[in-house]
Amino acid sequence: MNELISQKWNKRPLIISGPCSAETEEQVLETAARLAKTGKVDVLRAGIWKPRTKPGLFEGIGTKGLAWLANAKKITGLPITVEVATAKHVEDALQFDVDMLWIGARTTVNPFSVQEVADALRGANVPVLIKNPINPDLELWTGGIERLQQVGVKDVGMIHRGFSSYGNTEYRNAPMWHLPIEMKRRFAGMPLICDPSHICGNRQMLQSVAQKSIDLDFDGIMIESRIDPDNAWSDAKQQVAPEVLVEILDALIWRSENTDEKEFVTALASLREQINQLDDELMTILGQRMKIADKIGEYKKNNNITILQTNRWNEILEKAFAKGDKLGLSKEFITKYFDAIHLESINHQNNVMNS
Ligand code: PEP
Ligand code: MN
């Protein structure tokens, strides 16, 4: 990667900001100047080609916007990043010395497109961030990363921008935090950036989503910011003015995953030991529970009774909710937990009855 971006690539937290779309040269230059003035932004972003769900919406200014961004870089000294979805986008972006590229959520879903972008990147020494696919499929996300690595892209990072779901939730794209956490496990050490703007779809929740990502030890944040955000040609509702971005960043509480502080380390080790012990006991108990389920299966088999008896299951759940409430366990968790246990129990009985 080039000198400018390499100074930023390993910076923690990495802050990426800029408009959803480049619209006019003035808008790009003014936004860039005001973002640079904050002293808190590491990389300037802007969409040049916008994948819109429906035709007729603003589909991006196209290649001429790259010149505006290059100009913004010259004036502010900020490295720039744009979204690429085709081989032509990659070629154009590289021609204008774009310092970092990202692959959008609508591209990650399509292995043909990711491969096309990857092939165009062969031999280019530019870092690439890949957003999660719009649907919650970690294999697609993983496959995208592997395609980039296969063609020799050395510096790959991930952007978590949430997942589409049917019907309205409070989020534009549900964060499903367990999914980026799993990716962090799969690709240890690979930068993971949160994009609160596309998760939230509004300004009000940006702060809390950004904080959540920090608490989960993400490596950086990408937030859309633009002068006069209400008049943006795309994603107006979620963009904030550069000065509001500063307020958001200043209010964040940064925690680190590790510390050498002795007292803390010992206390943590002891608590973790207790957790390990309890997890071990839970497993033993679950094993015992399944053994009993096997026995019930035998009885049911001998007496020709169905495995599932709805009344009995409701009874178990009601009891569990009441007890969970006293113990500070949410109804949502109890439901998931008992569903999993129940399913395993049914599988055990199924094996017994059909063996
Ligand atoms: C964007 O970053 O402006 C964008 C189009 O995001 P996504 O690919 O996450 O929808
Ligand atoms: Mn956007």
Side-chain angles (χ1 to χ4, degrees), residues 14-23 27-28 31 35 41 43-55 57-62 65-66 69 80-86 89-90 93 98 100-110 113-114 117 128-138 140-141 144-145 148 157-165 169 171-176 179-180 183 192-203 205-206 209-210 213 218 220-242 244-245:
L14 182 69
I15 307 294
I16 305 168
S17 188
C20 176
S21 304
E23 300 164 11
Q27 170 249 9
V28 169
T31 300
L35 285 172
V41 173
V43 183
L44 179 68
R45 66 148 278 158
I48 295 288
W49 303 282
K50 301 300 296 179
R52 305 322 309 187
T53 306
K54 289 186 191 155
L57 299 171
F58 177 56
E59 297 196 318
I61 207 71
L66 290 170
L69 277 171
I80 51 177
T81 183
V82 302
E83 173 178 347
V84 288
T86 67
H89 295 166
V90 174
V98 172
M100 180 167 81
L101 304 176
W102 89 81
I103 295 178
R106 288 163 196 76
T107 304
T108 312
V109 284
N110 184 345
S113 299
V114 177
V117 167
V128 182
L129 301 173
I130 178 161
K131 287 196 171 194
N132 64 259
I134 47 181
N135 55 327
D137 183 340
L138 291 192
L140 275 175
W141 201 359
I145 293 168
L148 292 171
M158 303 175 270
I159 301 177
H160 169 231
R161 50 78 80 194
F163 300 88
S164 263
S165 56
T169 63
Y171 299 102
R172 178 174 174 194
N173 292 293
M176 304 187 189
L179 300 183
M183 291 301 278
L192 172 61
I193 311 290
C194 182
D195 171 352
S197 301
H198 293 91
I199 291 177
C200 298
N202 63 51
R203 294 171 192 149
M205 281 155 46
L206 291 174
V209 167
S213 73
F218 277 52
I221 294 177
M222 171 151 111
I223 293 187
E224 287 181 342
S225 173
R226 181 198 188 281
I227 50 160
D228 189 13
D230 284 333
N231 287 312
W233 297 2
S234 61
D235 288 353
K237 285 199 202 117
Q238 70 198 28
Q239 298 196 64
V240 292
V244 175
L245 175 75

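For the single chain, residues carry numbers from 1 onward in sequence order. Both ligands and their constituent atoms are indexed starting at 1 by order of listing.
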Can you tell me how far the CD1 atom of Ile15 sits from the CE atom of Met222, to the nearest 0.5 Å? 12.0 Å
Under a 4.0 angstrom heavy-atom cut-off, which atoms of ligand 1 come close to Gly104? 8 (O)
Provide the closest heavy-atom pair for Leu101 versus Ala93 in the form atom of the first, atom of the second, distance. CD2-CB, 3.7 Å
Tell me, which protein residue and heavy-atom name are nearest atom 5 (C) of ligand 1, and how many Å apart are they? Glu83 OE1, 3.6 Å
Looking at atom 7 (P) of ligand 1, what's its closest protein heavy atom, distance included? Lys131 NZ, 3.4 Å
Value for CG (Asn231) from CD (Glu23), rounded to nearest 0.5 Å, stands at 9.0 Å
Which atoms from ligand 1 have a heavy atom of Cys20 less than 4.0 Å away? 3 (O)
With atoms numbered from 1 as shown, which atoms in ligand 1 lie under 4.0 angstrom from a non-hydrogen atom of Lys50? 1 (C), 3 (O), 5 (C)
So which heavy atom in the protein is nearest atom 4 (C) of ligand 1, and how far is it from that ligand atom? His198 NE2, 3.5 Å
With a cut-off of 4.0 Å, which atoms of ligand 1 are near a heavy atom of Arg161? 7 (P), 9 (O), 10 (O)
For ligand 1, which atoms, with element, lie under 4.0 Å from some heavy atom of Arg45? 1 (C), 2 (O), 3 (O)
Drop me the distance from Gln239's CD to Ile227's CD1, to the nearest 0.5 angstrom. 10.5 Å
What N, O or S atom of Asp235 is found closest to the Mn ion (ligand 2)? OD2
Classify the angle between the aromatic ring planes of Phe218 and His160 as parallel (below 30°), tilted (30 to 60°) or perpendicular (above 60°). tilted
Candidate list Arg45, Arg161, Lys131, test side-chain hydrogen bond (donor to acceptor under 3.5 Å, both in side chains), partner Asp195, passing option: Lys131
Could you identify the N, O or S atom of His198 positioned closest to the Mn ion (ligand 2)? NE2
To the nearest 0.5 Å, atom CD of Gln238 lies from atom SG of Cys20 at 6.5 Å
Do Glu224 and His198 have side-chain N/O donor and acceptor atoms under 3.5 Å apart? yes
For atom 8 (O) of ligand 1, the protein heavy atom that lies nearest, with its residue and separation: Ala105 N, 2.9 Å
Considering both backbone and side-chain atoms of Glu224, is one of its nitrogen or oxygen atoms within less than 3.5 Å of a nitrogen or oxygen in ligand 1? yes
Any idea which N/O/S atom from Glu224 gets closest to the Mn ion (ligand 2)? OE2
Provide the number and element of each atom of ligand 1 under 4.0 Å from a heavy atom of Arg106. 7 (P), 8 (O), 10 (O)
Among Asn132, Asn110, Asn135, Ile145, side-chain contact (heavy atoms from CB on, under 4.5 Å) partner for Leu140: Asn135
On a heavy-atom basis, which atom in Trp49 and which in Glu83 lie closest, and how many Å separate them? CE3-O, 3.4 Å
Gly47 near ligand 1 by a heavy-atom separation under 4.0 Å: no
